Q: 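Before I ask anything, let me first share the structure, which is written out below as structure tokens.
FYI, side chains are in, hydrogens and waters are out, and symmetry mates aren't considered; it's all heavy atoms of this structure. We count ligands from 1, going down the list as the structure has it; atoms in each ligand are counted the same way. Quick caveat: nothing in here was measured; it's all calculated off a predicted structure.
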Amino acid sequence: MDLDNSSTFTEKDFFYHKELDHLKQNGNLRHLPEIIHEGKLIYLDNDTSTIPNKKMINLSSNDYLGIGTDSELQRLFIEQLPKEDFLLSASSARLMTGNFIQHRHLESQLANLYNAESALIFSSGYHANIGILPAVSDRNTLILADKLVHASLIDGIRLSPAEFIRYPHGDIEKAEALIQKHQSTHSRIILVTESIFSMDGDEAPLQKLVSLKRKYPQLLLYVDEAHAVGVRGAQGLGCAEEADVLGEIDFLCGTFGKAFGSVGAYLICRKVIRDYLINKARSFIFNTALPPLNIAWTSFVLDQICSPRWVQRRQSLSDMAQKIHRAASAQGYLIRSTSHIIPLVEGKSEKALEKAEKLRKAGFYALAVRPPTVPEGTSRVRISLTAALEPHELEELIIAIQRE
Ligand SMILES: *Cc1c(COP(=O)(O)O)cnc(C)c1O
């Protein structure tokens, strides 16, 4: 690289420049897509592709129920909101002066819904996972995590002093063998998993995990339901509600940023754990509380979660997902997904890119996911379904999935 006459970067930035160059050469350089949103439709700003400014249905968002783009619901919320509650900042951490009525109300609402001792709000799922795991573990703790858990869980584990072992994805026998091996040397073993996995759309066997907990007294379960809350369970409380194990999960995390169409995250836990985290979880202590306005919106959404409209939307998301599973299987795709997150595994990266392009031409924006995000040879188009799809749009999607 010629540094002498470069006016675009200084010697100090050489390191960063080199790293970016390296990413680019390997086809892994990321950039922020310039997207224009119109409800559930999106199009690319300054698009230079073969289909400029084409409006597409967004199948890469986590707005699974269509709440995030429901302007009617937003209007209803604003109408019932008292003027004095239009607070755009908490201006402080919860332990200082940022603990508003809205935060306390949402936490008791959550604890009631889950029939649990307590709930604690975090600023995001990322904050929750990087704050809770280091706080609740020490050197005598072993953390066992599914091989495919989300980066925020990995980062939380990295920040903790615990010993850490990953078990093969979904392999509960292997997890049990590890528990047996380490039970005499560790005072606590925390098993960390997602309920619905974000890249494969398959599910952890929660009932089996709970039976492990009954067998091994020092085992605690940490379940991240980011992709399941809102869309699973009779009341939308997630896979743990569906599997009837709500009371058995020691650390039950959910996010508000996905199906709930809001922002933030929560932990459902025993009161002693909440009291402990308020004192020990650094991402909670040293972080400005979420704005009361956003909290009020989350409460508003949660209030309606059991209404017939939502029950029906959850059902329709599940029906649509099953239709896609069947259609994709019939096309020869290996479908491991049991949820609304449906990867079409193509194998080669070029094939996945071609498929994504084909979907875009048909009016659907679903991104290709390539290594290193997924293992080599398993490049895929990841469909993240939304209940906002109309029946005819679903039919069009099924046609677009067909292989040539
Ligand atoms: C999205 C996600 C998170 C992060 O939640 P944010 O609220 O977006 O920070 C955490 N865990 C899992 C499994 C997720 O999919």
Side-chain angles (χ1 to χ4, degrees), residues 32 58-65 67-68 103 106 110 119-136 143-160 166 169-170 190-204 206 209 221-232 236-240 249 251-269 281-284 286-291 294-295 297-298 301-302 337-343 367 369 373-374 380 382-386:
L32 295 172
N58 187 357
L59 292 182
S60 286
S61 141
N62 304 313
D63 186 17
Y64 304 128
L65 298 175
I67 291 169
H103 299 93
L106 177 57
L110 283 164
L120 186 63
I121 303 168
F122 286 80
S123 288
S124 72
Y126 191 84
H127 282 84
N129 288 333
I130 64 159
I132 300 165
L133 283 163
V136 298
I143 296 181
L144 291 177
D146 187 289
K147 182 84 172 50
L148 293 189
V149 294
H150 191 257
S152 57
L153 291 160
I154 297 294
D155 290 359
I157 294 166
R158 280 196 187 143
L159 286 170
S160 94
R166 290 193 194 194
H169 178 51
I190 304 177
L191 189 145
V192 176
T193 186
E194 288 171 40
S195 58
I196 296 177
F197 284 87
S198 63
M199 281 303 140
D200 290 50
D202 57 346
E203 291 169 50
L206 293 184
L209 291 176
L221 296 178
Y222 189 113
V223 180
D224 183 337
E225 295 241 50
H227 295 284
V229 293
V231 304
R232 285 299 185 86
L237 304 182
C239 293
I249 313 295
F251 307 96
L252 185 61
C253 300
T255 49
F256 294 127
K258 289 173 176 151
F260 288 127
S262 184
V263 61
Y266 59 99
L267 174 72
I268 303 295
C269 60
R282 297 172 64 85
S283 68
F284 176 87
F286 301 105
N287 180 234
T288 299
L290 285 175
N294 297 83
I295 298 286
W297 163 247
T298 305
V301 169
L302 273 187
S337 164
T338 50
S339 70
H340 54 289
I341 296 171
I342 309 164
L367 293 173
V369 187
T373 309
V374 293
R380 62 196 66 185
R382 180 176 176 275
I383 294 176
S384 179
L385 265 193
T386 166

Q: Would you check whether Gly257 reaches within less than 4.0 Å of ligand 1, judged by its heavy atoms?
A: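 Judged by the 4.0 Å heavy-atom criterion, Gly257 does not count as contacting ligand 1.
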Q: With nothing but distance in play, are any N or O atoms of Thr255 less than 3.5 Å from an N or O of ligand 1?
A: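 In this structure, Thr255 places no N or O atom under 3.5 Å from an N or O of ligand 1.
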Q: Please give me the minimum heavy-atom distance between Ile67 and Gly261, naming the atom from each residue.
A: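 Closest pair (atom of Ile67, atom of Gly261, distance): CG2-CA, 4.2 Å.
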Q: Would you name the heavy atoms of Phe256 and Val263 that are closest together and state the gap between them?
A: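 Taking Phe256 first and Val263 second, the nearest heavy atoms are CB-O, 3.6 Å.
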Q: What atoms in ligand 1 come closer than 4.0 Å to a heavy atom of Ser152?
A: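 So the atoms of ligand 1 that pass are 10 (C), 11 (N).
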Q: Are any non-hydrogen protein atoms located under 4.0 Å from atom 9 (O) of ligand 1?
A: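 When distances to the protein are checked, atom 9 (O) of ligand 1 has a heavy atom within 4.0 Å.
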Q: Return yes if a side-chain donor-acceptor contact under 3.5 Å exists between Asp202 and His169, otherwise no.
A: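 There is such a pair between these side chains.
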Q: Can you tell me how the ring of His340 sits relative to the ring of Tyr64, calling it parallel under 30°, perpendicular over 60° and tilted otherwise?
A: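 Ring orientation, 0 to 90° scale: perpendicular.
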Q: Could you check Leu221, Val136, Asn129 and say which one makes a side-chain contact (heavy atoms from CB on, under 4.5 Å) with Phe251?
A: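 The passing option is Val136.
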Q: Evaluating non-hydrogen atoms only, which member of Thr193, Ile341, Asp224, Val223 is closest to atom 11 (N) of ligand 1?
A: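 Among Thr193, Ile341, Asp224, Val223, the closest heavy atom to atom 11 (N) of ligand 1 comes from Asp224.
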Q: Run the numbers for me: atoms of ligand 1, each under 4.0 Å from some heavy atom of Tyr126, listed by number.
A: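 Listed by number with element, the hits are 4 (C), 5 (O), 6 (P), 9 (O).
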Q: For Gly131 and Ser283, which heavy atoms make the closest approach, and how far apart are they?
A: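 Closest heavy-atom pair between Gly131 and Ser283: CA-OG, 3.2 Å.
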Q: Under 4.5 Å between any side-chain heavy atoms of Asp200 and Glu194, yes or no?
A: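 With C-beta onward as the side chain, the pair stays apart.
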Q: Going by heavy atoms, is Lys258 under 4.0 Å from ligand 1?
A: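 Yes; Lys258 lies near enough to ligand 1 that a heavy-atom distance drops under 4.0 Å.
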Q: With atoms numbered from 1 as shown, which atoms in ligand 1 lie under 4.0 angstrom from a non-hydrogen atom of Asn129?
A: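 What qualifies from ligand 1 is 10 (C), 11 (N).
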Q: Heavy-atom contacts with Gly125 under 4.0 Å: which atoms of ligand 1 show up? List them by number with element.
A: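 Close to Gly125: 4 (C), 5 (O), 6 (P), 7 (O), 9 (O).
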Q: At under 4.0 Å between heavy atoms, is it the side chain or the backbone of Ser124 that contacts ligand 1, or both, or neither?
A: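 Both backbone and side chain.
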Q: Whether the side chain of Ser384 engages the backbone of Asn62 through a donor-acceptor N/O pair (distance < 3.5 Å, no angle test) should be reported.
A: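 Not at all, since once roles are kept as given, no pair shorter than 3.5 Å links the two residues.
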Q: What atoms of ligand 1 come within less than 4.0 Å of a heavy atom belonging to Glu194?
A: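 Reading through ligand 1 atom by atom, the close ones are 13 (C).
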